[in-house]
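Note that ligands are numbered from 1 as they come in the structure, with each ligand's atoms numbered from 1 the same way.
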Amino acid sequence: MATPIPSLNQLVSQATGLFKQMFGDEAPKIAACAPGRVNLIGEHTDYNDGYVLPMALPLVTVVAGSASPGREASIITASEHADEPRRIDLRLPNEGFSPSAGLPKEGLPLAPGLPYWANYVRGVIHHYRAHPLPGFRAVVVSSVPLGAGLSSSASLEVALYTFLQQLKPDDGDKISKAVACQQAEQTHAGVPCGIMDQLVSVLGLEGHALLIDCRPLESIPVPLTDPGLVFLITNSNVKHSLASSKYALRREQCENAAAILGKASLRDATMKELEASRDHLGDVAYRRARHVIGEISRTVRAAEYLKQGAYQEFGKVMVESHNSLRDLYEVSCKDLDDLVEAAMEVEGVFGSRMTGGGFGGCTITLLKWQVIDRTIQHVQERYGGSATFYVATPSGGARALQLS
Ligand code: GLA
């Protein structure tokens with residue numbers, strides 16, 4: 001059976017209870033939520049200025065709290081982060097990040113440090129676009145599984161940013177908000193991520209995936225309303241420790257390949273140009289670039305297939321994407337390959353692939369509703385019982401919540 005997903009109301013009452021328990025009797029006055037995401041296709045293309053096709057999930061992070069006197073912020077998370085403390089207290093800065101001043105010096109309250117989870121908090125406050133913020137107290141609760149490749153970090157960043165907007169509004173520009181959250185992750189969590197996760201967490205639309213062009217940051221909603229179909233997430237429940245350093249290395253390899261090809265980014269390169277420069281590139285750069293160029297074109301085609309209801313074709317490009325991530329980009333792993341292979345053995349499954357950064361995490365599978373139980377059972381048996389499953393219902397993006 002797929003794992004039941006707690007409702008937003010349940011998360012809000014959990015947050016309210018935790019707030020009262022930790023900060024005294026009064027209930028929180030403001031709250032915001034932001035979703036995790038799953039990417040249907042277009043992997044490792046966002047930082048190459050290419051296309052991605054993600055949807056926002058009903059798995060969400062909620063931040064609830066109240067303004068408080070003074071210039072301090074106290075944040076408590078309900079999630080377990082290894083042995084790290086769950087509470088942080090910060091002195092709020094008078095100003096945010098400025099590109100000319102760079103990162104705050106070590107020892108200042110908003111420099112990255114421990115506990116690690118709080119770097120997302122420090123980063124978002126730092127990159128918030130309307131300082132100075134008033135003091136506040138807040139709690140964080142989430143139904144997005146941590147470290148599963150479903151963007152628990154982006155959902156925390158965007159939920160907190162949306163919470164801060166209730167405390168002290170910025171100009172309300174959604175793209176700048178996503179970019180500020182992406183910067184928070186880059187400067188404070190040290191991951192040179194692309195824009196996909198934060199953008200879909202901000203812009204997600206119920207009943208739709210978004211075809212995002214990561215160069216102009218424009219998105220086109222793609223309806224996912226066929227009641228006979230379902231996207232199923234399978235969590236391998238494995239995470240490889242070098243994932244973020246390998247991610248950074250892939251990004252660097254792409255930038256090098258683009259430079260050798262004389263392009264601003266791999267978005268501008270064609271397969272023909274790639275083949276013509278194969279000898280200059282060397283084997284690794286060639287294969288990385290080949291994945292990216294192929295994946296960008298697959299993603300555009302995939303969005304068309306979805307619009308036309310051409311699910312066989314959509315499933316086929318999902319599998320091509322997986323194979324390319326496995327063989328050319330080398331970001332898959334045995335667990336993910338096994339999950340994809342097992343899913344593809346079930347009749348009524350159209351396609352399956354790893355999703356997100358890779359090196360563990362989840363797969364995404366497109367199938368007929370009628371065969372969901374059979375698919376879960378088969379994959380679970382083949383995988384040895386340790387996978388978890390979520391129905392990926394396309395959901396709305398970040399928003400402020402009314403507390404009654
Ligand atoms: C992670 C990053 C995204 C994107 C994906 C791979 O989720 O945060 O920006 O690059 O990996 O597609």
Legend entry - Passing option when Thr187 is tested against His126, His127, Arg122 for side-chain hydrogen bond (donor to acceptor under 3.5 Å, both in side chains): His127
Legend entry - Within 6.0 angstrom of Glu206 CD, more than 12 heavy atoms from elsewhere: no
Inset, instruction - Assess the pair Phe163 and Tyr128: is the distance between their ring centroids shorter than 6.0 Å? - result: no
Inset, instruction - Run the numbers on Asp49 and Arg215 for salt bridge (Lys or Arg N to Asp or Glu O under 4.0 Å), then give the verdict. - result: CA-CA 5 Å; Asp49 285 348; Arg215 177 165 266 172; 3.1 Å; yes
Legend entry - Results of ring pair (Phe, Tyr, Trp, His ring centres under 6.0 Å) for His291 - residues two or more places apart only: Tyr329
Inset, instruction - Give a yes-or-no answer on whether the side chains of Ser201 and Gln198 include a donor-acceptor pair shorter than 3.5 Å. - result: no
Inset, instruction - Sort out the contact shell of ligand 1: every protein residue with a heavy-atom distance below 4.0 Å, listed by chain and number. - result: Arg37, Glu43, His44, Asp46, Tyr47, Cys193, Gly194, Met196, Asp197, Tyr247, Gly356, Gly357
